[in-house]
Amino acid sequence: MLHRFRKQKAMPVQECPSCAHTTQGGNGEDQTLTNVANGCRCRIRRHRAHGAIRQRLLDLGFVPNAEIEMVRCATLGDPLELRVGDYYVTLRKREADLIDVRAA
């Protein structure tokens, strides 16, 4: 079974859409945090979360205009490790999908 997971690990490298917009000279468009590739930096534009999840994200430092770096993604695509300021945070993909970001 572990052998099957190793085969899935060799996924093609995805290009970060926000970085592609930046290199082309555009302003970049808002996208969700789940679409940011490893190693890319972006700024939070807004949240689409409500209630307890919104409060948790704000407490963790996911506030508007905060700079975030995507560190890595787990083997099966969930969770995501992010760097916010001087610390590292791990978010579920469904939580990261509620955050809109723009290239930094």
Side-chain angles (χ1 to χ4, degrees):
M1 184 156 191
L2 183 61
H3 180 66
R4 183 171 23 160
F5 289 131
R6 287 187 180 169
K7 281 186 176 179
Q8 291 178 353
K9 187 177 180 181
M11 296 172 58
V13 177
Q14 295 178 351
E15 184 175 316
C16 179
S18 58
C19 290
H21 286 290
T22 301
T23 55
Q24 293 172 359
N27 292 335
E29 298 175 1
D30 289 350
Q31 61 181 343
T32 60
L33 189 55
T34 55
N35 294 331
V36 177
N38 294 347
C40 292
R41 293 177 182 234
C42 54
R43 288 197 180 272
I44 294 178
R45 299 288 295 168
R46 64 177 173 253
H47 290 226
R48 286 181 282 116
H50 299 284
I53 295 174
R54 180 179 177 84
Q55 188 61 50
R56 180 177 179 263
L57 292 173
L58 292 172
D59 291 345
L60 289 172
F62 291 94
V63 294
N65 210 25
E67 187 171 314
I68 296 176
E69 179 182 356
M70 175 67 74
V71 177
R72 64 181 154 220
C73 184
T75 305
L76 298 177
D78 194 21
L80 309 171
E81 184 176 358
L82 307 159
R83 183 174 179 185
V84 182
D86 294 336
Y87 58 94
Y88 294 87
V89 178
T90 303
L91 281 184
R92 293 275 180 203
K93 204 169 187 176
R94 66 175 183 251
E95 294 169 338
D97 202 30
L98 298 172
I99 300 173
D100 291 336
V101 295
R102 182 174 286 183

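Contact annotation: the side chain of D97 never approaches that of L33 to less than 4.5 Å [non-hydrogen atoms, C-beta and beyond]. Residues C73 and L80 form a side-chain contact, since some pair of their non-hydrogen atoms from C-beta on lies under 4.5 Å apart.
Taken to the nearest 0.5 Å, the CG atom of N35 stands 11.5 Å off from the SG atom of C40. With rounding to the nearest 0.5 angstrom, the CZ atom of R45 is 12.0 Å from the CD atom of Q31. Distance check, rounded to the nearest 0.5 Å: CZ of R48 to CD1 of I99 gives 9.5 Å.
Pairs passing the side chain to side chain donor-acceptor pair (under 3.5 Å) check and including a residue from residues 77-86, sequence neighbours excluded, read R72-E81.
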List, one per line, each side-chain donor-acceptor pair under 3.5 Å for residues 49-71, sequence neighbours excluded.
from	atom 1	to	atom 2	distance (Å)
Q55	NE2	D59	OD1	3.0
R56	NH1	E95	OE1	3.0
R56	NH1	E95	OE2	3.1
E67	OE1	R43	NH2	3.3
E67	OE2	R41	NH1	3.0

